[in-house]
Amino acid sequence: MRITVDIKKAYRGAARDFHLHSTFSTTDNRVVLFGPSGSGKTLTLRAIAGLMRPDAGSITLDGRTLCDSAQNVFVPPRDRRIGYLFQDYALFPHLTVTQNVAFGLTPLFGRLSAANRDRVHSTMELFGIAALADSRPARISGGQRQRVALARALVSEPSALLLDEPFSALDIPLRQRVRVELAGILNRLDIPLVMVTHDPADVAFFGGDVVSYGDGKVLEVQPAEVMRRTMVRVA
């Protein structure tokens with residue numbers, strides 16, 4: 001994956017204004033946006049997904065221009081072929097697990113095609129949630145809800161997967177297990193990853209390039225192995 005981000009966005013707040021200036025470029029298939037809460041990581045992720053339009057700048061992914069303010073280019077989210085996992089998973093409470101997973105493939109009017117039904121089923125099998133097919137989100141565990149949300153994000157075979165603090169809602173023992181499961185699935189599907197986190201354990205596990213944020217700016221970009229060695233020396 002090659003991704004280049006150079007964007008600016010200003011927000012006016014009651015307490016203070018916030019200015020995002022996110023600029024980085026990497027060719028790694030695993031990219032971690034790392035830093036404290038409120039430093040601009042999630043805003044950058046939302047801009048990549050097309051859920052936030054920058055005031056200025058551009059984003060390119062594998063040679064595709066997703067937005068460019070100078071050229072008045074802004075590709076809608078639905079046309080970017082990017083999977084997005086929200087921090088709270090954003091499952092539809094009135095839909096079953098199957099209906100949630102199939103949501104992005106379901107026509108506005110009509111039913112899933114036979115091919116898409118097979119794709120939904122195979123994706124649910126991959127994530128180990130086929131037995132939950134008729135359950136609703138309120139009736140399953142937090143780890144299971146995350147699997148459903150991941151299956152929904154990946155069923156359309158996106159060109160990249162964006163994760164916003166994917167393990168923050170899980171207890172510590174479950175986090176490590178889900179990390180291993182997710183890494184295995186991503187390796188099998190060969191899908192690039194951009195993850196937002198403030199947890200050094202995520203950096204240590206997923207590796208790749210680490211984009212460090214602070215106060216709305218990118219402070220540095222370095223390989224995860226370099227960052228791990230730095231953390232060990234500090235500890």
Those residues that, when tested against [X], pass side-chain hydrogen bond (donor to acceptor under 3.5 Å, both in side chains) (two or more places apart):
X: Tyr213; value: Ser22, Thr44
X: Asp79; value: none
X: Thr197; value: Asp202
X: His121; value: Glu125

Hphob cluster co-occupancy, [X] + [Y], side-chain heavy atoms under 4.5 angstrom:
X: Leu170; Y: Val148; value: yes
X: Leu154; Y: Val178; value: yes
X: Val97; Y: Val155; value: yes
X: Leu33; Y: Leu162; value: yes
X: Leu182; Y: Leu193; value: yes

query: Can you list the residues that meet the salt bridge (Lys or Arg N to Asp or Glu O under 4.0 Å) rule with Arg147, with sequence neighbours excluded?
result: Glu181

Asp134: partners by salt bridge (Lys or Arg N to Asp or Glu O under 4.0 Å), with sequence neighbours left out: none

Does any non-hydrogen side-chain atom of [Y] lie less than 4.5 Å from one of [X]?
X: Asn29; Y: Asp190; result: yes
X: Leu161; Y: Leu150; result: yes
X: Ile129; Y: Val101; result: yes
X: Arg80; Y: Cys67; result: yes
X: Val180; Y: Phe205; result: yes
X: Asp199; Y: Arg175; result: yes
X: Met195; Y: Phe167; result: yes
X: His21; Y: Asp6; result: yes

On a heavy-atom basis, which atom in [X] and which in [Y] lie closest, and how many Å separate them?
X: Pro158; Y: Gly83; answer: CB-N, 3.4 Å
X: Pro36; Y: Ser39; answer: O-OG, 2.7 Å
X: Ala47; Y: Ile7; answer: CB-CD1, 3.6 Å
X: Gln146; Y: Leu85; answer: CG-CD2, 4.4 Å
X: Asp28; Y: Gly208; answer: OD1-CA, 3.5 Å
X: Ile191; Y: Arg30; answer: O-NH1, 3.2 Å

How far does [atom1] of [X] sit from [atom2] of [Y], to the nearest 0.5 angstrom?
X: Thr98; Y: Leu112; atom1: OG1; atom2: CG; value: 10.0 Å
X: Leu105; Y: Arg152; atom1: CG; atom2: CZ; value: 11.5 Å
X: His198; Y: Lys41; atom1: NE2; atom2: NZ; value: 7.5 Å
X: Ser58; Y: Gln71; atom1: OG; atom2: CD; value: 9.5 Å
X: Arg177; Y: Asp171; atom1: CZ; atom2: CG; value: 9.0 Å
X: Arg139; Y: Gln144; atom1: CZ; atom2: CD; value: 12.0 Å

- line: Hits for ring pair (Phe, Tyr, Trp, His ring centres under 6.0 Å) against Phe103, two or more places apart or cross-chain, chain-then-number order -> Phe92

Name all residues meeting the side chain to side chain contact (heavy atoms under 4.5 Å, CB included) criterion together with [X]; count only those two or more places apart in sequence or in a different chain, and write none if there are none.
X: Asp164; answer: Thr42, Leu45, Tyr84, Gln87, Val196
X: Leu126; answer: Ile185, Arg188, Leu189
X: Arg16; answer: Phe18, Asp215
X: Ala131; answer: none

statement: When Leu66, Asp209, Leu61 are each screened for side-chain contact (heavy atoms from CB on, under 4.5 Å) with Ile3, the one that passes is Leu61

message: I'd like to know whether Lys8 forms a side-chain contact (heavy atoms from CB on, under 4.5 Å) with His19, so could you lay out the CA-CA distance, the side-chain angles of the two residues, the decisive distance to 0.1 Å, and finally the verdict.
response: CA-CA 7 Å; Lys8 294 181 179 180; His19 296 274; over 6 Å; no

Step-by-step side-chain contact (heavy atoms from CB on, under 4.5 Å) determination, Ile82 to Ile48: CA-CA 9 Å; Ile82 292 176; Ile48 296 171; 4.2 Å; yes

message: Working note: Leu163 + Phe206, criterion side-chain contact (heavy atoms from CB on, under 4.5 Å); need CA distance, chi angles, decisive distance, verdict.
response: CA-CA 12 Å; Leu163 305 179; Phe206 284 95; 5.9 Å; no

- prompt: What residue pairs, at least two apart or across chains, pass salt bridge (charged side-chain N to carboxylate O under 4.0 Å, His left out) with a residue in residues 45-69?
  reply: Lys9-Asp55

- prompt: Distance-only, no hydrogens or angles: does the Arg136 side chain make a donor-acceptor pair with backbone N or O of His94 under 3.5 Å?
  reply: yes

field: Donor-acceptor pair, side chain of Ser159 and main chain of Arg81, under 3.5 angstrom
entry: yes

